[in-house]
Amino acid sequence: MARGQPQEPREEEVWRYQVKVWSTAAVCLSVLSGCFIGSCWVVHDNYKMVKKLSEQQEPQNHSSHVHYVHEGEELQGTQLYCCPNFWSLFQSSCYFLSTELKTWTASERHCSALGAHLMVINTENEQQFILQKLDTAFAYYVGLSDPEEKHQWQWVDQSPYNESVTFWHPGEPNNHKECCVMLNSRNGNWGWNDVHCDVPQMSICEKLRINL
């Protein structure tokens with residue numbers, strides 16, 4: 001300080017110190033705010049990307065929305081599978097219960113319009129999975145039929161008919177004129193029943209899941 005120059009008052013020195021502290025705090029808050037805004041944009045961009053992917057895969061009718069399901073870990077991350085809204089995921093397929101009463105042929109056409117087919121039951125686990133979703137007051141067509149009336153049963157997707165993996169009610173099938181198969185409950189026990197194909201029933205559609 002030069003000789004003869006008046007000394008700064010103590011109050012002004014304290015005020016300058018406080019200004020420096022508040023200035024530093026303001027800079028830190030600005031940096032943190034910038035980081036927060038940046039992270040918001042990242043989340044927003046990720047949301048737009050998932051929404052765009054969902055719209056690109058948007059099916060028709062009951063397939064209008066897609067939900068995503070985590071199903072196990074892979075070496076390079078989590079594998080995502082998806083089914084349309086109102087469909088249920090089990091292993092490699094999605095399932096939809098149609099409450100519309102239709103003949104077997106009309107039910108298969110309805111499933112086809114949804115990019116699916118009437119359900120094909122390949123394992124006991126698959127049978128048990130779908131039974132948990134059914135109402136005992138109704139019957140449901142599946143994709144098994146005998147188009148030539150010779151009890152040569154055929155699945156709609158050309159899967160082999162395996163007699164060791166069947167779930168017929170006792171005494172069924174019992175009529176070679178009944179060429180279509182439905183799931184129904186008898187005294188609380190679910191099983192397959194051959195019926196006339198022109199009887200309106202509910203149905204179960206099945207299609208492959210989407211791997212993302």
Side-chain angles (χ1 to χ4, degrees), residues 57 59-63 66 69 71-72 81-186 188-211:
Q57 297 176 344
Q60 299 296 320
N61 300 328
H62 293 287
S63 307
V66 176
V69 182
E71 188 80 8
Y81 307 146
C82 68
C83 284
N85 230 8
F86 308 111
W87 293 64
S88 300
L89 175 69
F90 178 73
Q91 295 182 348
S92 61
S93 293
C94 302
Y95 302 84
F96 173 71
L97 303 183
S98 175
T99 57
E100 298 184 39
L101 298 176
K102 296 179 180 292
T103 66
W104 189 93
T105 300
S107 296
E108 172 60 13
R109 283 200 301 263
H110 177 62
C111 290
S112 180
L114 299 177
H117 53 70
L118 283 171
M119 181 180 181
V120 175
I121 302 174
N122 295 307
T123 66
E124 183 176 359
N125 287 340
E126 188 177 18
Q127 166 99 347
Q128 292 303 317
F129 161 78
I130 203 63
L131 293 185
Q132 298 173 20
K133 302 183 177 299
L134 305 185
D135 188 330
T136 56
F138 300 98
Y140 303 81
Y141 278 128
V142 296
L144 187 62
S145 67
D146 175 26
E148 298 180 0
E149 299 184 5
K150 297 180 179 179
H151 275 190
Q152 295 178 354
W153 300 103
Q154 301 176 13
W155 289 108
V156 290
D157 70 344
Q158 307 304 314
S159 294
Y161 174 71
N162 185 353
E163 292 187 0
S164 64
V165 188
T166 59
F167 306 96
W168 296 103
H169 280 296
E172 303 292 348
N174 63 358
N175 187 338
H176 73 278
K177 292 293 185 181
E178 296 177 339
C179 301
C180 292
V181 177
M182 67 181 187
L183 270 169
N184 69 340
S185 176
R186 294 179 180 176
N189 296 316
W190 285 95
W192 298 359
N193 183 23
D194 59 335
V195 294
H196 292 289
C197 299
D198 58 355
V199 178
Q201 304 287 359
M202 295 184 183
S203 60
I204 309 167
C205 299
E206 176 185 357
K207 65 179 175 180
L208 289 175
R209 73 190 183 193
I210 302 171
N211 296 332

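FYI, the numbering just counts along the sequence from 1. The figures here come from the full heavy-atom set of this structure, side chains too, leaving out hydrogens, waters and symmetry mates.
- Side chain of Lys207 to main chain of Leu114: a donor-acceptor pair is present (N/O by atom type, distance under 3.5 Å, no hydrogens or angles).
- Within the 4.5 Å cutoff, the side chain of Trp190 has heavy atoms near those of the Ser185 side chain.
- We find the CZ-OG1 distance between Phe138 and Thr99 to be 8.5 Å, quoted to the nearest 0.5 Å.
- Ser159 and Asp157 share a donor-acceptor pair across their side chains, judged by distance under 3.5 Å alone.
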Verdict with reasoning, Tyr95 to Glu126, per side-chain hydrogen bond (donor to acceptor under 3.5 Å, both in side chains): CA-CA 11 Å; Tyr95 302 84; Glu126 188 177 18; 2.5 Å; yes
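- Atom CG of residue Leu89 and atom OH of residue Tyr81 lie 8.5 Å apart, to the nearest 0.5 angstrom.
- At least one side-chain heavy atom of Leu118 sits under 4.5 Å from a side-chain heavy atom of Ser107.
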Stepwise side-chain hydrogen bond (donor to acceptor under 3.5 Å, both in side chains) check, Thr123 with Asn125: CA-CA 5 Å; Thr123 66; Asn125 287 340; 5.3 Å; no
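- When atom types are taken as modelled, the side chain of Thr166 and the backbone of Glu163 share a donor-acceptor pair closer than 3.5 angstrom.
- At a threshold of 4.5 Å between non-hydrogen side-chain atoms, the residues Leu183 and Phe167 do not count as touching.
- Smallest separation of non-hydrogen atoms from Cys94 and Pro84: SG-CD, 4.3 Å.
- Distance check: Cys205 SG to Glu108 CD gives 8.0 Å after rounding to the nearest 0.5 Å.
- A donor and an acceptor atom, one from each side chain of Asn184 and His169, are located under 3.5 Å apart.
- Using a 4.5 Å heavy-atom cutoff, the side chains of Glu100 and Met202 are not in contact.
- For the atom pair NE2 of His110 and OG of Ser98, the computed distance is 3.5 Å after rounding to the nearest 0.5 Å.
- When only modelled atom types and interatomic distance are considered, Gln127 and Trp192 share a side-chain donor-acceptor pair under 3.5 Å.
- Contact between Ala116 and Trp87 at its shortest, heavy atoms only, is CB-CH2, 3.8 Å.
- Between the OH atom of Tyr161 and the CG atom of Asp146 there is a distance of 10.0 Å, given to the nearest 0.5 Å.
- Side chains of Arg186 and Asn193 form a contact here, defined as non-hydrogen atoms less than 4.5 Å apart.
- Atom CE of Met119 sits about 10.0 Å away from atom NE2 of His117, to the nearest 0.5 Å.
- When side chains are defined from C-beta on, Trp168 counts as touching Asp194, because their heavy atoms get closer than 4.5 Å.
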Cys82/Arg209 under side-chain contact (heavy atoms from CB on, under 4.5 Å): CA gap, chis, key distance, verdict: CA-CA 6 Å; Cys82 68; Arg209 73 190 183 193; over 6 Å; no
Chi angles and distances behind the side-chain contact (heavy atoms from CB on, under 4.5 Å) call for Cys179, Ser145: CA-CA 5 Å; Cys179 301; Ser145 67; 5.7 Å; no
Residues Val156, Val142; criterion side-chain contact (heavy atoms from CB on, under 4.5 Å); working and verdict: CA-CA 9 Å; Val156 290; Val142 296; over 6 Å; no
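- Two residues are said to be in side-chain contact when any heavy atoms from C-beta on lie closer than 4.5 Å; His176 and Lys150 fail this criterion.
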Trace of the side-chain contact (heavy atoms from CB on, under 4.5 Å) decision for Lys133 with Leu97: CA-CA 8 Å; Lys133 302 183 177 299; Leu97 303 183; 3.9 Å; yes
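- Annotation: side chain of Trp155 is in contact with side chain of Ile121 (closest heavy-atom distance under 4.5 Å).
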